[in-house]
Amino acid sequence: MIGLISDTHGLLREEVVYNLSNCNLIIHTGDIGKFEVIENLEKIAKVEFIRGNCDKDKNIAKEDKIIDVYNIRIYLVHDISKVNIDLKEENVDIVVYGHSHKSNIYEDKGILYINPGSVGPRRFNLPISMAKLKILDNERYYDSLKLIDKNIYRYKCYEVEFIPIVI
(Lines give C-alpha, C1' and ligand atoms only; values in the text may rest on other atoms or scores of the structure.)
Protein backbone atom coordinates (compact mmCIF):
# COMPACT_ATOMS: atom_id res chain seq x y z
CA MET A 1 0.00 0.00 0.00
CA ILE A 2 1.32 3.43 -0.97
CA GLY A 3 0.11 6.54 0.83
CA LEU A 4 -0.20 9.67 -1.32
CA ILE A 5 -0.20 13.09 0.32
CA SER A 6 0.57 16.66 -0.63
CA ASP A 7 0.55 20.20 0.68
CA THR A 8 1.02 19.60 4.40
CA HIS A 9 2.39 23.15 4.83
CA GLY A 10 3.96 22.09 8.14
CA LEU A 11 0.85 20.36 9.53
CA LEU A 12 0.78 16.58 9.98
CA ARG A 13 -2.66 15.67 11.30
CA GLU A 14 -3.28 12.64 13.54
CA GLU A 15 -5.95 11.47 11.09
CA VAL A 16 -3.39 11.44 8.28
CA VAL A 17 -0.88 9.50 10.38
CA TYR A 18 -3.61 6.98 11.23
CA ASN A 19 -4.56 6.52 7.57
CA LEU A 20 -0.92 6.02 6.58
CA SER A 21 -0.24 3.42 9.29
CA ASN A 22 -0.71 0.43 6.96
CA CYS A 23 1.43 1.83 4.14
CA ASN A 24 4.77 0.41 2.99
CA LEU A 25 5.65 3.66 1.23
CA ILE A 26 4.53 7.27 1.55
CA ILE A 27 4.76 9.75 -1.32
CA HIS A 28 4.64 13.47 -0.49
CA THR A 29 4.40 15.75 -3.53
CA GLY A 30 5.59 18.98 -2.01
CA ASP A 31 4.76 22.05 0.02
CA ILE A 32 6.05 20.15 3.01
CA GLY A 33 6.45 23.25 5.15
CA LYS A 34 8.70 21.86 7.87
CA PHE A 35 11.18 19.01 7.46
CA GLU A 36 9.93 17.50 10.72
CA VAL A 37 6.84 16.45 8.73
CA ILE A 38 9.08 14.13 6.68
CA GLU A 39 10.90 12.94 9.81
CA ASN A 40 7.57 12.01 11.43
CA LEU A 41 6.36 10.28 8.26
CA GLU A 42 9.57 8.22 8.20
CA LYS A 43 8.52 6.73 11.55
CA ILE A 44 5.63 5.11 9.66
CA ALA A 45 7.25 3.99 6.40
CA LYS A 46 9.82 4.89 3.77
CA VAL A 47 9.09 8.34 2.34
CA GLU A 48 9.70 9.63 -1.19
CA PHE A 49 9.20 13.38 -1.49
CA ILE A 50 9.82 16.43 -3.61
CA ARG A 51 9.65 20.12 -2.81
CA GLY A 52 6.82 22.42 -3.75
CA ASN A 53 6.64 26.10 -4.58
CA CYS A 54 6.24 27.03 -0.89
CA ASP A 55 9.28 25.00 0.19
CA LYS A 56 11.90 27.74 0.16
CA ASP A 57 14.88 25.56 1.14
CA LYS A 58 16.17 24.38 -2.24
CA ASN A 59 18.29 21.73 -0.48
CA ILE A 60 15.23 19.96 0.99
CA ALA A 61 14.54 17.95 -2.17
CA LYS A 62 14.35 18.02 -5.94
CA GLU A 63 11.44 19.70 -7.75
CA ASP A 64 10.54 16.43 -9.45
CA LYS A 65 11.75 12.85 -9.70
CA ILE A 66 10.93 9.38 -10.96
CA ILE A 67 10.77 6.46 -8.56
CA ASP A 68 10.45 2.76 -9.35
CA VAL A 69 8.01 0.86 -7.16
CA TYR A 70 7.01 -2.76 -7.86
CA ASN A 71 8.19 -2.34 -11.50
CA ILE A 72 5.95 0.73 -11.83
CA ARG A 73 7.53 4.09 -12.77
CA ILE A 74 5.99 6.94 -10.79
CA TYR A 75 6.78 10.56 -11.59
CA LEU A 76 6.46 13.03 -8.72
CA VAL A 77 5.91 16.71 -9.49
CA HIS A 78 4.28 19.37 -7.35
CA ASP A 79 2.61 21.47 -10.03
CA ILE A 80 1.24 19.49 -12.98
CA SER A 81 1.94 22.44 -15.28
CA LYS A 82 5.67 22.08 -14.50
CA VAL A 83 6.21 18.60 -15.99
CA ASN A 84 9.60 18.98 -17.65
CA ILE A 85 10.23 15.51 -19.02
CA ASP A 86 8.79 13.39 -21.81
CA LEU A 87 6.63 11.01 -19.76
CA LYS A 88 6.31 8.45 -22.58
CA GLU A 89 10.05 8.49 -23.31
CA GLU A 90 10.73 7.94 -19.60
CA ASN A 91 8.20 5.05 -19.50
CA VAL A 92 6.19 6.70 -16.71
CA ASP A 93 3.13 4.74 -15.61
CA ILE A 94 1.73 7.11 -12.96
CA VAL A 95 2.11 10.83 -12.25
CA VAL A 96 1.45 11.98 -8.68
CA TYR A 97 1.15 15.72 -8.15
CA GLY A 98 -0.30 18.32 -5.78
CA HIS A 99 -0.31 22.13 -5.63
CA SER A 100 -4.00 22.77 -6.40
CA HIS A 101 -5.21 21.38 -3.03
CA LYS A 102 -7.97 19.65 -5.01
CA SER A 103 -8.04 15.87 -5.42
CA ASN A 104 -8.24 14.60 -8.97
CA ILE A 105 -7.69 11.44 -10.99
CA TYR A 106 -7.61 10.92 -14.72
CA GLU A 107 -5.95 8.88 -17.44
CA ASP A 108 -4.28 10.34 -20.50
CA LYS A 109 -2.42 8.36 -23.18
CA GLY A 110 -2.02 5.35 -20.90
CA ILE A 111 -0.68 7.30 -17.92
CA LEU A 112 -2.63 7.59 -14.66
CA TYR A 113 -2.57 11.06 -13.05
CA ILE A 114 -3.36 11.37 -9.34
CA ASN A 115 -3.65 14.46 -7.16
CA PRO A 116 -4.43 13.30 -3.60
CA GLY A 117 -5.54 16.79 -2.55
CA SER A 118 -4.19 18.60 0.49
CA VAL A 119 -3.82 17.36 4.06
CA GLY A 120 -2.49 20.62 5.47
CA PRO A 121 -4.34 23.73 6.59
CA ARG A 122 -7.65 24.12 4.76
CA ARG A 123 -7.41 26.51 1.83
CA PHE A 124 -9.86 27.76 -0.75
CA ASN A 125 -12.76 26.04 1.13
CA LEU A 126 -11.63 22.74 -0.40
CA PRO A 127 -11.99 19.43 1.43
CA ILE A 128 -8.93 17.95 3.12
CA SER A 129 -7.99 14.66 1.47
CA MET A 130 -5.30 12.12 0.76
CA ALA A 131 -5.17 8.92 -1.28
CA LYS A 132 -3.86 5.37 -1.19
CA LEU A 133 -2.52 3.47 -4.17
CA LYS A 134 -2.66 -0.30 -4.33
CA ILE A 135 -1.04 -2.44 -7.04
CA LEU A 136 -3.46 -5.27 -7.84
CA ASP A 137 -2.82 -8.77 -9.13
CA ASN A 138 -2.26 -8.98 -12.88
CA GLU A 139 -5.60 -10.68 -13.46
CA ARG A 140 -7.42 -7.50 -12.34
CA TYR A 141 -6.64 -5.40 -15.40
CA TYR A 142 -8.85 -2.46 -16.43
CA ASP A 143 -8.47 -0.80 -19.82
CA SER A 144 -10.16 2.43 -18.76
CA LEU A 145 -10.46 4.39 -15.54
CA LYS A 146 -13.47 3.15 -13.59
CA LEU A 147 -15.17 4.36 -10.45
CA ILE A 148 -15.62 1.14 -8.47
CA ASP A 149 -17.05 2.58 -5.26
CA LYS A 150 -17.75 6.03 -3.86
CA ASN A 151 -14.05 6.98 -3.51
CA ILE A 152 -12.28 4.05 -5.22
CA TYR A 153 -11.02 4.04 -8.81
CA ARG A 154 -9.32 1.33 -10.85
CA TYR A 155 -7.16 1.59 -13.94
CA LYS A 156 -4.88 -1.09 -15.36
CA CYS A 157 -3.64 -2.93 -12.24
CA TYR A 158 -3.93 0.13 -9.98
CA GLU A 159 -6.55 0.88 -7.37
CA VAL A 160 -6.73 4.40 -5.93
CA GLU A 161 -8.80 5.27 -2.90
CA PHE A 162 -9.39 8.90 -1.99
CA ILE A 163 -9.74 9.41 1.75
CA PRO A 164 -11.50 12.50 3.07
CA ILE A 165 -9.98 13.79 6.29
CA VAL A 166 -12.77 14.93 8.58
CA ILE A 167 -11.68 17.37 11.27
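The chain is numbered in sequence order, starting from 1.
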**Report entry** Single-linkage hydrophobic cluster, 4.5 Å side-chain cutoff, Leu87 and Leu112 together
**Finding:** no
Report task. Determine the interplanar angle of the Tyr106 and Tyr113 rings, folded into 0 to 90°, and report it as parallel if under 30°, tilted if 30 to 60°, perpendicular if over 60°. Result -> parallel
Query - Glu161 bridged to Lys134 by N-O distance under 4.0 Å - result: no
Query - Heavy atoms from other residues, nucleotides or ligands near CD of Glu14 exceed 12 (cutoff 6.0 Å) - result: no
Query raised in the report: Is Lys150 atom NZ crowded by more than 12 heavy atoms from other residues, nucleotides or ligands, each under 6.0 Å away?
Result: no
**Report entry** Side-chain donor/acceptor of Arg13 to backbone N/O of Val119, under 3.5 Å
**Finding:** yes
Query raised in the report: Counting only N and O atoms by type, is there a donor-acceptor contact under 3.5 Å from the side chain of Asp149 to the main-chain atoms of Asn151?
Result: no
Report task. Without swapping roles, check the side chain of Lys82 against the backbone of Glu63 for a donor-acceptor pair under 3.5 Å. Result -> no
Query raised in the report: In Å, rounded to the nearest 0.5 Å, how long is the span from CG of Leu25 to CG of Leu41?
Result: 11.0 Å
Query raised in the report: Is a donor on one side and an acceptor on the other found under 3.5 Å between the side chain of Asp55 and the backbone of Asp57?
Result: no
**Report entry** From CD1 (Ile128) to CG (Asp7), nearest 0.5 Å
**Finding:** 11.5 Å
Query raised in the report: Strictly by modelled atom types, are Lys132 and Asn22 linked by a side-chain donor-acceptor pair under 3.5 Å?
Result: yes
Report summary line: Output for pair (Ile32 CD1, Lys34 NZ), nearest 0.5 Å, gives 13.0 Å
Query - Phe49 vs Phe35, side chain to side chain contact (heavy atoms under 4.5 Å, CB included): CA-CA, chis, key distance, verdict - result: CA-CA 11 Å; Phe49 61 97; Phe35 196 73; 3.7 Å; yes
Query raised in the report: Could you state the interatomic distance from CD1 (Ile5) to CD1 (Ile163), rounded to the nearest 0.5 Å?
Result: 11.5 Å
**Report entry** Neighbour count >12 (heavy atoms, 6.0 Å) for atom CG, Asp108
**Finding:** yes
**Report entry** Greater than 12 external heavy atoms within 6.0 Å of Lys62's NZ
**Finding:** no
Query raised in the report: Between the side chain of Asn115 and the main-chain N/O of Lys102, is any donor-acceptor distance below 3.5 Å?
Result: yes
Requested in this report: Might you point out which heavy atoms bring Ile72 and Ile135 nearest each other, and give the distance in Å?
Outcome: CG1-CD1, 4.2 Å
